[in-house]
Amino acid sequence: MPIKILPEEVASAIAAGEVVERPASVVKELIENALDAGAERVEVISEKGGRRLIEVSDDGCGIPAADVPLSVERYATSKLETAEDLFAIRTLGFRGEALSAIASVSRFEILTRAADEEIGTRLVVEGGGKMHVQPIGAAQGTVVRVRDLFFNIPARLKFPKTDRTERSRIAALVTRYALAYPHVGFRLEQDGKEVFHASGSGDRREALSAVYGVERARQMIALPEEQQGPVEVRGFVSPPSIHRSNRAGLTFFVNGRWVRDTSLSAAVTQAYQSLLMVGRFPMAVLMIEVAPETVDVNVHPTKSEVRFREPGLVFSILQRVVRATLLGQGPPAVEIPTQWGQTQWQIQPKTASPEWEIAHSVIARSDDGPAPQVQIGLPSGKVPLLRAVGQVGASYLVAEGPDGLYLVDQHAAHERVLFEKIMAAREAGTLESQILLEPMTIELTPDQTALMEEQTKTLDGLGFQIEPFGRQAFRLRAIPALFSNVDPERALRVVVEDFEEDEKPLEGEIAERLAARVCKRAAIKAGQVLSMVEQQNLLTDLEACQTPRTCPHGRPTMIHLSVEALERQFGRRG
Ligand code: ADP
Ligand code: MG
């Protein structure tokens with residue numbers, strides 16, 4: 001179809017808006033154009049997180065010379081004619097907005113030749129100004145070059161904060177598209193380095209290895225290819241033995257379009273019911289196919305959301321297919337509590353301290369206390385000496401202090417203790433690393449690799465010793481000694497996953513935030529039974545903390561019921 005400007009009524013029916021939020025959104029639009037053009041090979045090059053350069057080349061159908069100037073006009077598309085077409089979209093693009101939007105905020109260039117034309121065309125436009133078009137020799141297909149994105153919009157220039165964050169997003173995009181389009185060869189080069197390559201052989205598992213590393217890819221379970229029905233789901237899901245702390249490992253394509261959809265994530269997560277521990281999430285790359293007229297893709301400017309005509313049907317089929325696949329894999333793996341759940345502190349029996357005895361014997365009985373109510377207060381400052389009384393629900397410690405009863409959240413308290421220990425040791429330069437007997441190789445996805453490279457130094461400062469190992473892997477040589485009981489690979493993966501969850505680039509107190517995250521995972525969990533000695537040790541460690549009343553994330557570690565409050569509750573005083 002030739003490129004045409006959409007009639008007013010079609011244009012106004014489109015969920016218009018800013019398509020160019022950030023460099024990664026430019027990459028997404030350009031990849032989608034290449035795929036719509038029937039490309040068998042797509043190459044993406046970025047420099048400085050896409051801010052200096054984004055270049056996407058394809059060997060698709062190209063743009064006929066006569067149409068080239070139109071391609072950068074607003075609402076100019078070859079993919080849609082009438083408003084009805086909007087209800088059954090078969091292409092990734094349809095708004096005719098992307099190129100015009102990108103061309104207006106960058107130094108923009110297209111080099112293209114249509115399959116049946118002999119000479120190609122070059123179009124150059126700067127910041128949406130006057131365009132220059134000239135005939136030029138070119139290979140069949142299209143190269144779009146976007147330089148100095150946002151150069152004319154100072155407010156946008158500041159965003160994103162770090163090139164690496166954006167590099168990582170771009171890598172995530174390219175790798176996910178490679179998974180969804182195994183017949184298309186993808187290559188990604190960032191800052192002069194090839195970071196990803198998928199051959200386009202059509203073998204999904206090969207594409208999966210390119211993204212996740214050979215080992216992970218081998219473990220992922222394929223959904224059956226043979227399927228028929230209103231909703232077809234293909235792709236891979238993780239076995240119950242592989243899981244992570246968030247939903248970032250769930251990727252969905254609907255009719256070839258990468259979408260974010262919480263209900264799809266929920267369907268997959270539900271399929272793992274009773275196979276995974278609470279708070280752990282599977283990984284999956286799923287391609288969902290439905291009839292184009294049963295899904296509305298015209299919901300959001302970036303086309304990253306869809307609306308199904310029958311969301312319930314999609315949900316239940318997805319959930320059933322995944323569940324059946326998992327159960328077809330033999331008996332579900334029994335979840336053995338991981339090392340993270342185990343006690344990490346050293347148990348050193350201690351005798352009751354004489355200070356406590358003294359403090360305990362002088363319980364204040366002042367009558368001009370506060371109003372008669374249970375005081376769930378968090379007075380600032382240190383906590384007094386506490387005596388362990390016992391554990392409730394294997395989650396809370398009951399303790400007695402000179403001024404009443406304390407209920408201590410064992411997980412939050414241990415987080416605080418670990419956090420202060422690691423920060424103090426770091427300050428004093430006594431932070432010890434525990435060298436692993438054998439260095440571990442940890443494979444990451446290209447986007448995780450970028451995040452990791454950014455934080456290697458900080459991790460070093462916390463006692464991790466990590467070095468790059470090949471293109472997508474790291475060698476882990478040591479972990480902080482405080483975490484010596486923690487599965488090292490898990491410790492590192494948790495940190496990486498947490499980077500991913502973080503939308504904002506970490507700046508300033510990076511080390512502290514990282515330490516807090518690691519401590520959160522390393523701390524004893526709710527539900528873990530502790531001996532009296534362990535309980536008392538945890539309380540004693542907590543007493544020694546600078547900020548014992550909150551965990552490093554700011555949640556309270558304890559609730560205090562004063563003696564007065566207790567007496568009033570029992571009607572012993574007025
Ligand atoms: P849309 O994809 O919504 O149609 P775009 O602004 O992204 O809008 O692109 C405008 C038009 O330019 C497309 O409809 C298509 O005809 C043409 N085009 C853009 N990129 C390519 C490409 N890589 N190969 C062939 N044609 C392209
Ligand atoms: Mg497009």
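Computation of the quantities below employed the complete heavy-atom set of this structure, encompassing side-chain atoms and omitting hydrogens, waters and symmetry-equivalent molecules. Just follow the structure's listing: the first ligand is 1, and inside any ligand the first atom is 1. Count residues from 1 along the sequence.
- Looking at atom 22 (C) of ligand 1, its nearest protein heavy atom turns out to be Thr142 OG1, 3.7 Å.
- The closest protein non-hydrogen atom to atom 16 (O) of ligand 1 is Ser78 OG, 2.5 Å.
- Close N/O approach between Asp36 and ligand 1 is not found [any backbone or side-chain N/O within under 3.5 Å].
- Because the distance cut-off is set at 2.8 Å, Asn33 qualifies as a neighbour of the Mg ion (ligand 2) through one of its N, O or S atoms.
- With a 4.5 Å cut-off on side-chain heavy atoms, Ile31 and Glu29 do not count as touching.
- Using modelled atom types, one finds no donor on one side chain facing an acceptor on the other under 3.5 Å when comparing Thr294 with Glu310.
- Summarising the contacts of atom 27 (C) of ligand 1 with Leu92, Leu35, Ile63, Leu30, the nearest heavy atom is found in Ile63.
- Side-chain contact of Lys79 with Asn33: a donor-acceptor pair under 3.5 Å is present, judged by distance alone.
- Gly96 N, 3.5 Å is the protein heavy atom nearest to atom 1 (P) of ligand 1.
- In this structure, CD on Gln190 lies 5.5 Å from CZ on Arg167, to the nearest 0.5 angstrom.
- Judged purely by distance below 3.5 Å, without hydrogens or angles, the side chains of Glu32 and Tyr177 pair a donor atom with an acceptor atom.
- When hydrogens are left out, the protein atom nearest atom 21 (C) of ligand 1 is Asn33 CB, 3.9 Å; that is the closest non-hydrogen contact.
- Counting heavy atoms only, Ser71 comes closest to atom 12 (O) of ligand 1 of the residues Ala98, Gly62, Pro2, Ser71.
- With a heavy-atom cut-off of 4.0 Å, Ala76 touches ligand 1 through its backbone alone.
- Per-residue contacts place Ile3 under 4.0 angstrom from the following atoms of ligand 1 (heavy atoms of the residue considered): 11 (C), 12 (O), 16 (O), 17 (C).
- Arg475 and Thr441 share a side-chain donor-acceptor pair at under 3.5 Å.
- In Glu97, the part holding a heavy atom less than 4.0 Å from any atom of ligand 1 is the backbone.
- Here the heavy atom of the protein found nearest to atom 2 (O) of ligand 1 is Lys79 NZ, 2.7 Å.
- When only modelled atom types and interatomic distance are considered, Gln140 and Arg113 share no side-chain donor-acceptor pair under 3.5 Å.
- Applying the 4.0 Å criterion to heavy atoms of Thr77 picks out, from ligand 1, the atoms 1 (P), 4 (O), 14 (O).
- The shortest contact between atom 6 (O) of ligand 1 and any protein heavy atom is with Leu99 N, 2.9 Å.
- From the protein, the heavy atom lying nearest to atom 25 (C) of ligand 1 is Ala37 CB, 3.5 Å.
- At a heavy-atom cutoff of 4.0 Å, ligand 1 is contacted by the side chain of Asp58 but not by its backbone.
- Between the side chains of Gln472 and Thr449, no donor-acceptor pair is found at a separation under 3.5 Å.
- Using modelled atom types, one side-chain atom of Thr112 and one backbone atom of Ile63 make a donor-acceptor pair closer than 3.5 Å.
- No side-chain donor-acceptor contact under 3.5 Å links Asp203 and Ser201.
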